[in-house]
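Worth knowing before you read on, the calculation uses all heavy atoms, side chains too, and leaves out hydrogens, waters and symmetry mates. Predicted, not measured: the structure shown is a model, and the values here were computed from it.
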Amino acid sequence: MQNADLPLFRQLSDNSGHYRDPLTAIDWAQLDTRSFWLPEPALSLYGLPEYATLAPDIRQRLSQYEFINVMHAGLWLESLFLQRLSRRLTPALPRAEYEYFLHELREETGHSLMFLRAIESSGLPLPRHAWRAPRLADFLARHAPASSALFWLATVIAEDIPDKFNRHLRNHADSVNPVVGQICTLHVIDEARHIAAARSKLDAALGRASPLQRALLNPLMNLLLRQFVDVFYLPPARFYELAGLTRGKWWRRLAAHNAVHRAFVNQRLAATLRVLEGYNLKPEI
């Protein structure tokens with residue numbers, strides 16, 4: 001790690017020092033299934049003629065399962081990061097880096113516990129294996145060398161995309177269940193530090209990358225981007241059925257071709273794509 005990074009990691013550790021377990025910070029009694037968990041314009045079917053025909057309770061239930069989908073994406077990504085990062089914690093690491101990543105492991109573990117508690121507290125049916133991670137993105141995230149530009153690029157993507165979505169939800173907290181707003185707020189506060197650390201590591205990794213490694217980054221990055229955006233913004237077909245819609249595959253295909261939802265997603269992605277372009281990469285969705 002470059003010496004210039006040491007002050008950043010010390011500052012991030014200081015900011016993480018006042019830790020509060022999200023399980024005790026959230027008022028779980030406010031979580032219910034009689035309210036929207038996502039603003040309607042964020043739903044994958046919003047804007048379609050078919051959506052206008054859905055009963056209000058179906059729309060609410062769809063919003064709940066779409067937020068559960070977001071939380072499952074978070075559980076997947078955080079489990080990968082916890083596994084990969086914990087293996088790197090050795091006495092050989094500079095103390096400032098070692099200490100900060102211990103803070104980050106604690107915070108990411110708290111997020112996963114928070115997501116699990118929200119899913120369990122909802123009382124909504126969720127069959128085992130109803131949600132699956134995208135295979136290629138999962139493989140790359142598990143096997144990319146932990147000090148490589150690809151690993152830290154994947155980390156920046158995996159943290160920045162949910163962060164921009166959470167910030168949008170915070171701006172529309174009056175239209176969703178209060179617990180959703182609390183979850184998003186806690187996540188945004190911690191992820192600001194995590195993104196700063198990941199970008200610092202990516203900067204250093206890119207500085208070490210060979211021309212061949214840099215050339216390979218664009219296609220791999222775009223694979224990761226497409227698979228992650230797809231799994232994050234479009235729930236599995238089974239989730240549509242659990243929300244009360246028969247023929248889940250048909251509804252998911254409608255959502256995948258929904259121009260209104262695509263415009264919503266592109267608006268959320270714009271800032272992340274600018275970050276990637278700042279590294280002289282060429283993101284394509």
[Y] side chain reached by [X] side chain, heavy atoms, under 4.5 Å:
{"X": "Met114", "Y": "Met71", "result": "no"}
{"X": "Leu105", "Y": "Leu89", "result": "yes"}
{"X": "Arg214", "Y": "Leu206", "result": "yes"}
{"X": "Tyr233", "Y": "Ser44", "result": "no"}
{"X": "His72", "Y": "Arg132", "result": "no"}
{"X": "Pro41", "Y": "Val260", "result": "no"}
{"X": "Trp251", "Y": "Leu245", "result": "yes"}
{"X": "Gln83", "Y": "Ser79", "result": "yes"}

Check your understanding: Relative to each other, are the rings of Phe264 and His261 parallel, tilted or perpendicular (30° and 60° limits)?
Key ->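 Ring orientation of Phe264 relative to His261: parallel.
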Exercise for review: Look at the aromatic rings of His194 and Tyr100 and report parallel, tilted or perpendicular, splitting at 30° and 60°.
Suggested key: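 Perpendicular.
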Check your understanding: What about Phe115 and His187, are their ring centers closer than 6.0 Å?
Key ->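 Between Phe115 and His187, the centre distance is under 6.0 Å.
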Between the main-chain N or O of [Y] and the side-chain N or O of [X], is there a donor-acceptor pair closer than 3.5 Å?
{"X": "Ser112", "Y": "Thr109", "answer": "no"}
{"X": "Asn69", "Y": "Phe232", "answer": "yes"}
{"X": "Asp203", "Y": "Ala198", "answer": "no"}
{"X": "Gln213", "Y": "Ser210", "answer": "yes"}
{"X": "Arg84", "Y": "Ala141", "answer": "yes"}
{"X": "Ser122", "Y": "Ile119", "answer": "yes"}
{"X": "Arg193", "Y": "Gln11", "answer": "no"}
{"X": "Asn258", "Y": "Tyr46", "answer": "yes"}
{"X": "Gln30", "Y": "Pro178", "answer": "no"}
{"X": "Trp28", "Y": "Arg117", "answer": "no"}

Can you confirm whether more than 12 heavy atoms, excluding those of [X], are under 6.0 Å from its [atom1] atom?
{"X": "Tyr19", "atom1": "OH", "answer": "yes"}
{"X": "Arg142", "atom1": "CZ", "answer": "yes"}
{"X": "Phe101", "atom1": "CZ", "answer": "yes"}
{"X": "Glu50", "atom1": "CD", "answer": "yes"}

Same cluster (ILVMFWY, side-chain, under 4.5 Å), [X] and [Y]:
{"X": "Val229", "Y": "Phe139", "answer": "no"}
{"X": "Val188", "Y": "Phe81", "answer": "no"}
{"X": "Leu12", "Y": "Ile189", "answer": "no"}
{"X": "Tyr279", "Y": "Ile195", "answer": "no"}

Practice item. Go through the steps to decide whether Val275 and Arg199 satisfy the test side-chain contact (heavy atoms from CB on, under 4.5 Å), and finish with yes or no. Key: CA-CA 10 Å; Val275 167; Arg199 292 191 63 180; 3.8 Å; yes
Which side-chain N or O atoms in residues 147-158 pair as donor and acceptor under 3.5 Å with protein atoms at least two apart or in another chain?
unit_1, atom_1, unit_2, atom_2, d
Ser148, OG, Pro145, O, 2.6
Ser148, OG, Phe151, N, 3.1
Trp152, NE1, Ala146, O, 3.1
Thr155, OG1, Phe151, O, 2.9

Exercise for review: Show your working on salt bridge (charged side-chain N to carboxylate O under 4.0 Å, His left out) between Asp160 and Lys164 and close with a plain yes or no.
Suggested key: CA-CA 6 Å; Asp160 205 68; Lys164 300 306 178 283; 2.8 Å; yes
Check your understanding: So, Glu241 and Arg238, do they make that salt bridge, N to O below 4.0 Å?
Key ->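 Answer for the salt bridge query: yes.
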Review point. Below 4.0 angstrom, N of the basic side chain to O of the carboxylate: do Asp163 and Arg167 qualify?
Key: yes
Inter-residue atom distance [X].[atom1] - [Y].[atom2], 0.5 Å rounding:
{"X": "Leu116", "Y": "Leu75", "atom1": "CG", "atom2": "CG", "result": "5.0 Å"}
{"X": "Arg106", "Y": "Leu82", "atom1": "CZ", "atom2": "CG", "result": "13.5 Å"}
{"X": "Arg226", "Y": "Leu136", "atom1": "CZ", "atom2": "CG", "result": "12.5 Å"}
{"X": "Gln182", "Y": "Leu31", "atom1": "CD", "atom2": "CG", "result": "9.5 Å"}
{"X": "Glu97", "Y": "Leu102", "atom1": "CD", "atom2": "CG", "result": "11.0 Å"}
{"X": "Ile58", "Y": "Ser63", "atom1": "CD1", "atom2": "OG", "result": "11.0 Å"}

Minimum heavy-atom separation for [X] to [Y], with atom names?
{"X": "Leu169", "Y": "Cys184", "answer": "CD1-SG, 3.5 Å"}
{"X": "Leu45", "Y": "Ala255", "answer": "CD2-CB, 3.8 Å"}
{"X": "Phe9", "Y": "Ser200", "answer": "CE1-OG, 4.2 Å"}
{"X": "Pro22", "Y": "Leu186", "answer": "CB-CD1, 3.8 Å"}
{"X": "Gln227", "Y": "Ala137", "answer": "OE1-N, 2.9 Å"}
{"X": "Arg10", "Y": "Ala96", "answer": "CG-CB, 3.9 Å"}

Practice item. Carefully, step by step, assess Phe36 and Phe67 under the rule side-chain contact (heavy atoms from CB on, under 4.5 Å). Key: CA-CA 10 Å; Phe36 280 89; Phe67 189 62; over 6 Å; no
**Study point:** From CA spacing to verdict: side-chain contact (heavy atoms from CB on, under 4.5 Å), Trp131, Leu126
**Key:** CA-CA 9 Å; Trp131 195 94; Leu126 193 63; over 6 Å; no
State whether a side-chain donor-acceptor pair under 3.5 Å links [X] with [Y].
{"X": "Thr90", "Y": "Tyr98", "value": "no"}
{"X": "Thr33", "Y": "Gln64", "value": "no"}
{"X": "His168", "Y": "Gln267", "value": "no"}
{"X": "Glu40", "Y": "Tyr51", "value": "yes"}

Practice item. Mind jotting down which residue pairs meet the salt bridge (charged side-chain N to carboxylate O under 4.0 Å, His left out) criterion with at least one end in residues 243-262? Sequence neighbours excluded, please. Key: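 Those involving residues 243-262 are Asp230-Arg252.
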Review point. Checking side-chain hydrogen bond (donor to acceptor under 3.5 Å, both in side chains) against Ser16, which of Glu99, His103, Glu107 comes through?
Key: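 Only one option passes, and that is Glu107.
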Exercise for review: List the steps, then state whether side-chain contact (heavy atoms from CB on, under 4.5 Å) holds for Leu242 with Leu124.
Suggested key: CA-CA 9 Å; Leu242 291 166; Leu124 295 171; over 6 Å; no
